[in-house]
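The structure appears below as structure tokens.
The shown structure was predicted, so the numbers you read here are calculated from the model rather than taken from an experiment. Both backbone and side-chain heavy atoms feed into the values below; hydrogens, waters and symmetry mates do not.
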Amino acid sequence: MAIYEEYTLRERDSFKDLKDLQTNYKLNYPSDFNFAYDVIDRLGKTKPEKLAMLWLSNKKEEKRFTFRDMMLWSNKCANYFLSQGIKKGDKVLLVLKRSYLFWFAMLGMHKIGAIPIQATNMLVGKDYTYRCNKGDIKAVIITGDGDATEHFDEVEAFCPTVKLKYVTKHKKPAGNNWIDFEAGIENASEYFTKPTGEDAIKATDTMFMAFTSGTTGYPKMIMHDFTYPLGHIITGVFWHRVVDGGLHFTISDTGWAKSLWGKFYGQWFGETAHLVYDFDKFDGEDILKVIEKYRVTTFCVPPTMYRFMLQNEIKQYDLSSLTHCCSAGEALPAEIFNAWKEGTGLEIHEGFGQSETAVCIGTLYNYEKPISGFLGKPMPGHDIRIINEHGKYCLPGEEGEICIKATPNNKPCGLTTGYYKDAKSNAHSWRNGFFHTGDTAYIDEHGNIKYVGRNDDVIKSSGYRIGPFEVESVLLEHPSVLEVAVTGVPDPKRGFNVKATIVLQKGFAPSEELIKELQNYVKTHTAPYKYPRVVEFVDSLPKTTSGKIRRTEIRQHDIEKYNSKK
């Protein structure tokens with residue numbers, strides 16, 4: 001039986017309960033498993049006319065691609081790469097926003113064993129320099145939209161490993177030795193033969209690399225092997241609960257691994273099509289209109305995007321096509337969960353993971369009900385433990401680090417093989433038979449996991465350990481608060497004070513009275529010691545392009561501000 005048929009939509013409800021699923025879910029795959037051949041090419045031959053992607057430009061221009069199209073365009077890319085001297089093991093930086101060319105190029109590189117590395121078009125010169133030198137990049141493929149190519153040209157001399165530069169939406173004149181990528185693949189043959197001999201690809205070979213989102217310091221470089229897509233059968237088929245022949249919509253730029261979670265492997269295992277919308281700026285009302293018009297069936301966005309969508313009267317939109325909704329990237333506040341359920345009738349199923357993992361904790365529809373404030377339970381194939389700073393398993397209610405029982409050579413599909421040329425990070429993350437995620441949580445008596453925060457984000461104040469999410473969740477319940485980031489600000493007596501940096505809803509203005517009201521609200525809705533002694537109102541919060549709040553930037557600003565007053 002083909003790999004992608006083992007856990008299709010027809011099989012996912014055959015398990016009687018979550019325990020049965022966690023115990024009996026098994027993956028069997030050949031030693032040369034390759035998603036491009038074993039899933040896409042197979043679908044391209046057996047179901048050639050089935051829709052794989054509906055792509056929308058920022059002006060809502062439509063392109064539709066079948067699985068046969070994906071097979072043939074990836075063949076073209078594979079042939080073109082080989083003709084350009086790009087071969088197995090070569091690293092290629094992809095800066096393609098939400099262009100359909102990203103999927104063509106990724107699959108083409110999977111077919112020859114070249115190693116794609118994702119990056120956002122918001123990079124500037126120093127970012128390119130760091131990534132190209134850290135990753136030994138041989139070629140770059142960069143969007144012709146905007147000024148991304150200009151930023152690369154500024155630092156090309158400092159990127160000695162880069163030998164080839166490709167541009168999409170070819171600029172006229174391109175200049176500076178840029179090669180027209182689209183013209184190149186258009187002229188390549190659509191027939192491709194799977195490599196054999198020394199060029200053959202094994203499941204244990206490195207399939208792609210990714211940079212972390214860089215919320216603290218320089219981003220690390222993660223490696224994943226060809227078993228990575230198999231880890232996303234759980235993501236797409238079981239967690240996203242995609243519909244066979246349906247239309248799945250995850251909002252993510254291709255510069256981040258989240259796009260591989262929600263816009264690539266797991267959903268195609270379930271034979272659903274992807275909706276890819278190449279918008280320039282997120283607009284909640286616009287997204288609601290897109291869901292309504294194109295009859296999206298399954299949907300996944302970070303909590304922040306749900307929040308902005310909920311600024312609209314969502315009941316005035318026909319969202320009846322939606323069958324299932326998910327969220328990841330940040331912990332999901334209860335007020336968003338409740339407001340979305342009231343407006344759509346659908347619960348949001350939360351999932352936890354990282355660029356280093358597939359979804360490894362979450363709630364699975366038909367197996368368990370979401371519990372507001374809790375991530376859920378370990379996903380099948382993952383032995384999750386909460387471990388304290390002394391290396392001991394935590395008791396229910398005791399806070400510790402989320403760890404996955406694994407070693408680099410014995411790990412669940414979807415988990416990283418390690419960090420590229422980074423012995424220090426590898427030694428820190430792989431310890432005592434576990435992969436340490438750096439995220440903290442606690443588990444209740446029923447096995448449900450409650451997220452606390454990143455190790456770096458936990459605030460230590462007067463002997464208390466305070467997770468920012470706990471305070472943020474309470475503040476977000478207040479009608480005046482649109483967005484909030486909770487951090488620690490240095491204090492000579494307490495070590496750190498809790499600080500709330502707040503974006504207000506329309507119709508509210510900063511005032512001392514509002515600060516006191518918010519502080520009292522926190523005191524009466526959670527343990528009083530957690531209340532923010534410092535409150536600052538801002539117009540916007542710093543975020544990564546994947547939508548995560550950059551608390552480290554707020555902390556750095558506060559440290560500089562604090563030190564300047566000494």
Side-chain angles (χ1 to χ4, degrees), residues 35-36 39-40 43-44 47-77 94-110 116 118 120-121 141-146 148 166-170 180-186 190 236 240 242-243 245-256 258-283 286-301 305 321-322 545:
F35 182 84
V39 180
I40 296 302
L43 287 170
K47 301 179 181 180
E49 301 308 314
K50 195 167 192 176
L51 183 68
M53 180 182 292
L54 168 58
W55 181 86
L56 304 177
S57 73
N58 58 355
K59 296 179 181 178
K60 303 288 201 320
E61 299 161 316
E62 298 180 14
K63 287 184 180 291
R64 294 173 185 266
F65 300 100
T66 65
F67 282 109
R68 184 174 188 274
D69 293 329
M70 288 295 170
M71 176 182 69
L72 297 181
W73 278 107
S74 60
N75 283 348
K76 282 175 167 286
C77 284
L94 300 180
V95 185
L96 292 173
K97 295 178 66 180
R98 295 178 179 88
S99 170
Y100 51 85
L101 294 169
F102 172 79
W103 285 263
F104 297 173
M106 285 283 289
L107 292 169
M109 280 186 269
H110 292 348
Q118 302 165 268
T120 170
N121 66 305
I141 307 174
I142 298 180
T143 178
D145 286 340
Y166 302 92
V167 64
T168 70
K169 294 190 175 179
H170 196 56
D180 186 337
F181 181 68
E182 284 156 293
I185 62 172
E186 177 69 40
E190 62 184 26
H240 282 156
V242 296
V243 176
L247 189 63
H248 179 78
F249 190 15
T250 283
I251 297 179
S252 174
D253 187 280
T254 64
W256 304 104
K258 181 63 168 63
S259 62
L260 305 185
W261 272 49
K263 305 165 83 100
F264 215 118
Y265 305 112
Q267 299 71 34
W268 277 340
F269 271 113
E271 298 183 27
T272 202
H274 289 287
L275 174 63
V276 178
Y277 179 20
D278 196 18
F279 58 79
D280 289 322
K281 184 178 180 180
F282 179 85
D283 180 290
D286 182 40
I287 297 301
L288 289 167
K289 291 178 178 177
V290 167
I291 294 172
E292 178 181 56
K293 178 178 179 179
Y294 292 100
R295 308 298 293 163
V296 171
T297 52
T298 49
F299 183 55
C300 183
V301 292
M305 292 183 179
S321 61
L322 286 175
T545 56

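No side-chain donor-acceptor contact under 3.5 Å links T298 to the backbone of V242. Side chain of T272 to main chain of Q267: no donor-acceptor pair is present (N/O by atom type, distance under 3.5 Å, no hydrogens or angles). Looking at S252, its side chain does come within 3.5 Å of a backbone N or O of S259 through a donor-acceptor pair.
Nearest heavy-atom pair across L101 and I185 is CD2-CD1, 3.9 Å. The shortest heavy-atom contact between G262 and H240 is CA-CE1, 3.8 Å. Considering every non-hydrogen atom in both Y294 and L247, the closest pair reads O-CD2, 3.4 Å. Between D278 and N58, the shortest heavy-atom contact is O-CB, 3.2 Å. When all heavy atoms of W256 and Q118 are compared, the pair lying nearest together is O-NE2, 2.9 Å. Closest approach of D253 to K97, counting heavy atoms only: OD2-CA, 3.7 Å.
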Handout entry: Derivation and outcome, side-chain contact (heavy atoms from CB on, under 4.5 Å), residues T250 and K258
Key = CA-CA 9 Å; T250 283; K258 181 63 168 63; 3.5 Å; yes
Problem - Check against side-chain contact (heavy atoms from CB on, under 4.5 Å), L275 and V290 - result: CA-CA 10 Å; L275 174 63; V290 167; 3.6 Å; yes
Practice task
Give the intermediate values and the outcome of side-chain contact (heavy atoms from CB on, under 4.5 Å) for residues L94 and F102.
Solution key: CA-CA 7 Å; L94 300 180; F102 172 79; 4.0 Å; yes
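For the pair R98 and Y277, the cation-pi criterion (under 6.0 Å, within 45° of the ring axis) is not fulfilled.
The closest side-chain heavy-atom distance from F35 to L107 is below 4.5 Å. Contact annotation: the side chain of C77 never approaches that of M106 to less than 4.5 Å [non-hydrogen atoms, C-beta and beyond]. I251 is listed as a side-chain neighbour of M305, based on a closest heavy-atom distance under 4.5 Å. Here the side chains of V167 and I142 are not in contact, with every heavy-atom distance at 4.5 Å or above. In this structure the side chain of K59 never reaches within 4.5 angstrom of the side chain of F279, judged on heavy atoms. Contact check for I40 versus H110: no side-chain heavy atoms found under the 4.5 Å cut-off. Taking the side chain as every heavy atom from C-beta outward, I287 and F249 approach each other to under 4.5 Å.
Ring geometry, W103 versus F264: the interplanar angle falls under 30°, so the pair is classed parallel (tilted spans 30 to 60°).
Rounded to the nearest 0.5 Å, atoms CZ (F67) and NZ (K50) are 6.5 Å apart. Of the inter-residue distances, the one linking E62 atom CD with S57 atom OG reads 9.0 Å to the nearest 0.5 angstrom.
In this structure, H274 has its ring center under 6.0 Å from that of W268. Aromatic ring centres of F65 and F104: separated by under 6.0 Å.
Under a 4.0 Å N-O distance rule, the pair K76/D69 does not qualify as a salt bridge. Of the charged side-chain nitrogens involved, at least one lies within less than 4.0 Å of a carboxylate oxygen, so that D286 and K60 count as a salt-bridged pair.
Residue K169 qualifies as open at atom NZ: its count of foreign heavy atoms under 6.0 Å is 12 or below.
Contacts of T297 classified as side chain to side chain donor-acceptor pair (under 3.5 Å), with partners at least two apart in sequence or in another chain: none.
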